[in-house]
Each structure stands twice: as structure tokens, then as C-alpha cells.
Amino acid sequence: FLRVLDAIDTSRAVLVNDLEIVRWNIPKTYLRDLEAGGAPIVPSRWYGRFAECDLGADFAAFGADRLIVKPVVSTNARDTFLLDRAAAEQAGESLARIFASRAFVVQPFIGAVQTEGEYSLFYIGDRFSHGIRKVPKAADFRVQEEHGATIESAALTPELLSAGEKAVSLVRPEPLYARCDLVRDADRVLRIME
């Protein structure tokens, strides 16, 4: 993907979003920059490889009963795990193999994903375009259509719009197109997922 972008960038074609933004946005570590700018993200602990990780400490640090473990670079929830403490112990070997030398992030599971869903807000330039709500199928946590999630129009509250605008305002240079995914935590705070 990056090689194709480099080829486009060196050609006469024009990328609608600056290549610098695309490169910044591929690893989920861009969330740290948004958080540093004052946008609330889902709390996250970052690891370069599984040997550095102590999931027991992550459960304790977040005060969580369930954790999400996902690659820093991924799409469509590939290699994304929802784990309670028992599942974390059982999955240890698999996680160690998958993340042996692959960066990943650990986050507390936000239960509202399964009830309220996740909101995606879309922007063209600096203007809000539209929003959707993605709800996973029963007993799942993944909000992608490929995994059976439903997608519908979102009820756009001022709070939701403000949270999205805050996140998008932090992206520089200003993108032509942006999407902000938000979920509501147990304290009803809208937090950026991606």
C-alpha cells in the first residue's frame, strides 16, 4: 500500500490527502498525538512486541474485566481480540506468536460498543458531511460489515459533533477527507476509537 502511495506521489497524479497524513494515520499511534492535543481517546497501552506485555497489569491498570488487544497496523479487526482474564491466559501462546515482533495496543473494552455502537463521522475539508452508527451483531464486538455489523444513520447530537470536530481540528495538514470513530465510555464520555 505504501509503495503504491509513493508511486502515486512521485507521478503527476494528485493524492487528495497529503501523503504525510496518510503515513501518519496508518499506525494507530496517531491516537497519541490526538490525545496530546486534548482529544479523549480510548485509554491505551502501547507495546512493540508481546514479550514486553503483561496483560494482568493491563487489566489492573484499566480496572477492566475485558481487554481489547489489536495490532497497531490493521484493518477490518484482523488479529483483534476481546479477552477476559481466563481467555487472556488461554490465548497467551497465540498472542505471543501473532505479536512476537509486531506492535500492538491494549485497551479496556468499552461495553457501549455492543449496545449503543460506534459512531463514524465523515468530513470533507473542514466541514462535517454525515455520520453513521455501526452496531455489531449479537454476541460480537466488531463493528465492520464483514463481521455482520449493521450500519445506520446516526442521531447527531451537539456533543457528538463537537467531539468529532475537536479530533479533526488536530490533524495537520488539514485533510481533504477524514473519518472519526467514537464510542461512549461508562462515564458517558465520547472517546476516539480511530
Side-chain angles (χ1 to χ4, degrees), residues 1-8 17 19-36 39-120 134-151 167 179-186 191-194:
F1 180 68
L2 287 173
R3 282 193 303 270
V4 169
L5 290 175
D6 285 335
I8 292 170
N17 274 338
L19 185 56
E20 174 186 344
I21 294 173
V22 177
R23 284 192 177 120
W24 170 79
N25 185 244
I26 289 174
K28 291 173 179 44
T29 52
Y30 70 85
L31 291 168
R32 295 186 290 208
D33 295 335
L34 297 179
E35 182 178 41
I41 67 168
V42 173
S44 302
R45 297 183 86 178
W46 307 90
Y47 297 98
R49 56 194 177 93
F50 195 72
E52 301 168 359
C53 178
D54 178 351
L55 290 176
D58 294 331
F59 279 106
F62 295 131
D65 295 326
R66 295 185 288 174
L67 297 175
I68 292 289
V69 177
K70 60 186 175 183
V72 167
V73 176
S74 71
T75 59
N76 296 327
R78 184 173 181 181
D79 292 332
T80 297
F81 301 88
L82 172 60
L83 306 168
D84 60 20
R85 288 179 188 269
E89 288 180 28
Q90 293 172 358
E93 282 185 31
S94 294
L95 293 171
R97 186 180 66 257
I98 292 166
F99 298 113
S101 59
R102 187 176 179 195
F104 65 100
V105 60
V106 177
Q107 300 172 319
F109 177 67
I110 306 295
V113 166
Q114 292 179 310
T115 55
E116 183 179 1
E118 178 181 303
Y119 297 95
S120 289
K134 303 176 287 188
V135 181
K137 69 180 180 182
D140 204 338
F141 66 97
R142 297 168 297 180
V143 296
Q144 294 80 12
E145 287 179 287
E146 298 89 333
H147 300 293
T150 58
I151 296 178
R179 186 191 85 226
C180 180
D181 295 340
L182 300 156
V183 65
R184 197 179 309 275
D185 71 12
R191 295 191 173 273
I192 300 168
M193 293 282 288
E194 293 191 12

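In this structure, Asp6 and Leu19 have side chains that are in contact, with non-hydrogen atoms separated by less than 4.5 Å. Residues Phe81 and Ser94 fail the side-chain proximity criterion, which asks for heavy atoms closer than 4.5 Å. Between Pro136 and Thr150, the closest side-chain pair of non-hydrogen atoms is not below 4.5 Å. Residues Val73 and Phe1 fail the side-chain proximity criterion, which asks for heavy atoms closer than 4.5 Å.
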Under the criterion side chain to side chain contact (heavy atoms under 4.5 Å, CB included), I'd like the reasoning laid out for Asp58 against Val69: C-alpha separation, chi angles, the key distance, then a yes or no. CA-CA 10 Å; Asp58 294 331; Val69 177; over 6 Å; no
Mind running side chain to side chain contact (heavy atoms under 4.5 Å, CB included) on Ile68 and Phe141 for me, showing each step along the way? CA-CA 10 Å; Ile68 292 289; Phe141 66 97; 3.8 Å; yes
Val105 and Leu31: side chain to side chain contact (heavy atoms under 4.5 Å, CB included), yes or no, with the steps? CA-CA 11 Å; Val105 60; Leu31 291 168; over 6 Å; no
Could you walk me through whether Ile192 and Val42 pass the side chain to side chain contact (heavy atoms under 4.5 Å, CB included) test, one step at a time? CA-CA 6 Å; Ile192 300 168; Val42 173; over 6 Å; no
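With hydrogens and angles ignored, the 3.5 Å screen pairs no side-chain donor or acceptor of Ser120 with any backbone N or O of Glu118. Side-chain N or O atoms of Asn76 include none that pairs as donor or acceptor with a backbone N or O of Arg78 at under 3.5 Å. For the pair Gln114 (side chain) and Ala138 (backbone), a donor-acceptor distance under 3.5 Å is absent.
Minimum heavy-atom separation, Ala88 to Leu55: CB-CD1, 4.0 Å. Closest non-hydrogen pair, Thr80 versus Pro71, comes out as OG1-CD, 4.1 Å. Closest heavy-atom contact between Arg45 and Ala61: NH1-CB, 3.2 Å. Among all heavy-atom pairs drawn from Gly117 and Val135, the shortest one is CA-CG2, 4.1 Å. Nearest heavy atoms, Ala39 versus Ala167: CB-CA, 4.5 Å.
Here Arg66 contributes atom CZ and Leu82 contributes atom CG; the two are 5.5 Å apart, rounded to the nearest 0.5 Å. For the atom pair Ser44 OG and Phe62 CZ, the distance stands at 6.0 Å (nearest 0.5 Å). Here the CD-CZ distance, from Glu93 to Phe50, works out to 10.5 Å after rounding to the nearest 0.5 Å. Taking CG from Asp54 and CZ from Phe59, the interatomic distance works out to 10.5 Å, rounded to the nearest 0.5 Å. The OG1 atom of Thr75 lies 8.5 Å from the CD atom of Gln144; values are rounded to the nearest 0.5 Å. Taking OG1 from Thr29 and CG from Leu34, the interatomic distance works out to 10.5 Å, rounded to the nearest 0.5 Å.
Within 6.0 Å of the CG atom in Asp65, the count of heavy atoms belonging to other residues, nucleotides or ligands does not exceed 12. Around atom CZ of Arg32, more than 12 heavy atoms belonging to other residues, nucleotides or ligands sit under 6.0 Å away. Enclosure of atom CD in Glu146 by more than 12 non-hydrogen atoms of other residues, nucleotides or ligands within 6.0 angstrom is indicated. With a 6.0 Å radius and a threshold of 12 heavy atoms from other residues, nucleotides or ligands, Glu116 has its CD atom above the threshold.
Under the salt bridge (charged side-chain N to carboxylate O under 4.0 Å, His left out) rule, Asp181 has a single partner from Lys134, Arg191, Lys28, which is Lys134. The salt bridge (charged side-chain N to carboxylate O under 4.0 Å, His left out) test with Asp79 singles out one residue from Lys70, Arg102, Arg142, and that residue is Arg102.
Applying the ring-ring contact (aromatic ring centres under 6.0 Å, His included) criterion to Tyr30, with sequence neighbours excluded, gives Trp24.
For Glu52 and Arg49, the salt-bridge test passes: some basic side-chain N is under 4.0 Å from an acidic carboxylate O.
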